[in-house]
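Structure, as structure tokens:
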Protein chains: 2
Amino acid sequence: MKPIYLRIFDDLFEKIQSQIYTDGDMLPTELELQHSYGVSRVTVRKTLALLVEQGVVTRIKGRGTFVKNPCKATHNAIALRGFYQELNAQGKTPSSDVLTFEILEPDSIVAEKLKLAANERVYHIVRIRNIDGEPEMMERTYMPVALFPDLTLQVMMASKYAYIESKGYKIANSYQSIMPEMPDRELAKLLNVTPTTPLLKAISTGELADGCLFEYTINYFTLKQYSFEFIATR
Amino acid sequence: MKPIYLRIFDDLFEKIQSQIYTDGDMLPTELELQHSYGVSRVTVRKTLALLVEQGVVTRIKGRGTFVKNPCKATHNAIALRGFYQELNAQGKTPSSDVLTFEILEPDSIVAEKLKLAANERVYHIVRIRNIDGEPEMMERTYMPVALFPDLTLQVMMASKYAYIESKGYKIANSYQSIMPEMPDRELAKLLNVTPTTPLLKAISTGELADGCLFEYTINYFTLKQYSFEFIATR
DNA sequence: AAGTGGTCTAGACCACCCC
DNA sequence: GGGTGGTCTAGACCACTTG
């Protein structure tokens, strides 16, 4: 059962995406939302804070809450959504080619990043991820075998995050470090770019709600069909 | 007068930075913090939510609130702090070389990004920003003259954000778009890198609390002394 | 003056973790 | 069972914007 503030979030977000509220429109006031959803002000405010964080609305004291530019086909970096979920929400068609699927002893970097116990083994999975059939990014992921004893290649051809949550795990957040990098010849070929095209490299560590680290991932984005965006707040 | 939750945030953050609470330590519980600061639970929770957002602590249900790895010399991308403030907090010495300081008619991109009225003029300022004397990034900023009629070159040699806030404006957030880019020969020279070193380009639009757009900025990071980090949450 | 969002309080119940 | 954080309520006062 989702908490109330998330259900209200989903409802408002859906109304914004379906243009019931559109660019520049003022959302109902906090008081009106309290009444229409029958909840307290704190709950309404928690929902609205989420919408602000996700860049969907802006709130201005004394004026109101306003819808921002309609969501474009972008990668919202601080909203941790899987590739599948993010693209589906944008009406695009995601797909994945699994290049590597193996279990191995982690090297010391991976072991340290995932804070693994000695002798713990990991999956090593490499995927090319396509948008509408065109390669957009390469993903190299390491996940502890202990957490996902029944992970299959089938799962990795679809949505990793949907699988993880279907197992009852709660994905909490992801610590990301971003840098530019030139592709080697092989990677350029896989992503269908020239070797002189710089890529965006993102190294991330994923954490569950209980503090457990569940993935160490290196992504290379071409940003051909994607833009990498987020909102910084003071 | 700062709100209470920010004052408590500052206090806890300072205690973490000065190692009173260090890596892995458990912070006092919400109940204890309520008593020691004499505030309500909601206020305590707002403070702790901020610490989580800034990546300083992790909270685990049923266990407690724990300090994360001590803050490294990084660029926390979603904590909108000025270059000066961010580096000072990390014990580094920031400095700036102002290469361009002029007032001009904005081109259509700048005018659109800042939602300027017709004929409104902007500052165009280019700076090289150094860490401990070594160039780390190049910044190209456009700011509406109407908002800052008395902006001086002196100001831009120091802290832009400190100046803006000294004028009574409240900086709210910044919409950022990230991509890799190769430097041209001139930029590579200014940043003291080879022309084959890819840079991280960040395009941002800054917004005040009243919804006013106050800057359109393009940054090029070398990431020689810096790493670009943030936390995505689900 | 009326309406808006920003902050804050004092309670309550629940789910989760560990002993 | 006792402690933890997660959610939620019903109030209150304030600062800011707009007419």
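In what follows, every chain begins at residue 1, and chains take the letters A, B, ... in the order their sequences are listed. No experiment lies behind these values; they were computed from the predicted model shown.
Rounded to an integer number of Å, the gap from NE2 of B:His35 to P of D:dT4 is 11 Å. Protein atom CG of B:Leu208 is 15 Å distant from nucleotide atom C1' of D:dT17, rounded to whole Å. A straight line from CG of B:Leu50 to C1' of C:dG6 spans 14 Å, rounded to a whole angstrom. Rounded to a whole Å, the CG atom of A:Asp210 is 14 Å from the C1' atom of D:dT4. The nearest whole Å value for the distance from the CD atom in B:Gln34 to the P atom in C:dA10 is 9 Å. Regarding B:Phe66, its CZ atom lies at a distance of 10 Å from the P atom of D:dT4, rounded to whole Å. Counting to the nearest Å, the P atom of D:dC8 and the CG atom of A:Leu48 are 14 Å from each other. Rounded to an integer number of Å, the gap from B:Glu30 CD to C:dC16 C1' is 14 Å.
For the pair B:Lys46 and B:Tyr5, the cation-pi test (distance below 6.0 Å, angle within 45°) is passed. Figure legend: cation-pi geometry between B:Lys15 and B:Tyr21 absent, as NZ or CZ is not positioned both under 6.0 Å from the six-membered ring centre and within 45° of its axis.
Between the side chains of B:Thr205 and B:Lys113, no donor N or O sits under 3.5 Å from an acceptor N or O. Counting only N and O atoms by type, the side chains of B:Ser227 and A:Ser177 include no donor and acceptor under 3.5 Å apart. In this model, a donor atom of one side chain and an acceptor atom of the other lie less than 3.5 Å apart for A:Glu86 and A:His75.
The side chain of A:Lys170 sits closest to C:dC16 out of D:dC8, C:dG5, C:dC16. When distances are taken from the side chain of A:Ile4 to each of C:dT4, D:dT9, D:dT4, the shortest belongs to D:dT9. Considering only side-chain atoms of B:Lys46, the nucleotide from D:dG5, C:dT7, C:dG6 that sits closest is C:dT7. Nearest to the side chain of B:Lys61, among C:dC18, C:dT9, D:dG6, sits D:dG6. When distances are taken from the side chain of A:Arg59 to each of D:dT4, C:dT9, C:dG6, the shortest belongs to C:dG6. Taking every side-chain heavy atom of B:Tyr5 into account, C:dC8 is the closest of D:dG5, C:dC8, C:dT4. Of the candidate nucleotides C:dC8, D:dT7, D:dT9, D:dT9 has the atom nearest to the side chain of A:Thr43. The listed nucleotides are C:dG6, D:dT7, D:dC8; the one nearest the side chain of B:Arg45 is D:dT7. Distance from the side chain of A:Pro3 is smallest for D:dC8 among the nucleotides C:dT7, D:dA10, D:dC8.
Of the side-chain N and O atoms in A:Thr65, one or more sit less than 4.0 angstrom from OP1 or OP2 of C:dG5.
Here B:Leu31 lies out of heavy-atom contact (under 4.0 Å) with every strand.
Between B:Tyr142 and B:His124, the ring planes lie parallel to each other; the angle is under 30°, not in the 30° to 60° tilted range.
Mapping B:Arg63 and A:Arg63 onto DNA chain C by nearest heavy atom places A:Arg63 closer to the 5' end of the strand. Between B:Thr29 and A:Val39, the residue anchored nearer the 5' end of DNA chain D, judged by the nucleotide with its closest heavy atom, is B:Thr29.
Checked by distance alone, A:Arg41 brings a side-chain donor or acceptor within 3.5 Å of a matching partner on the base of C:dT7.
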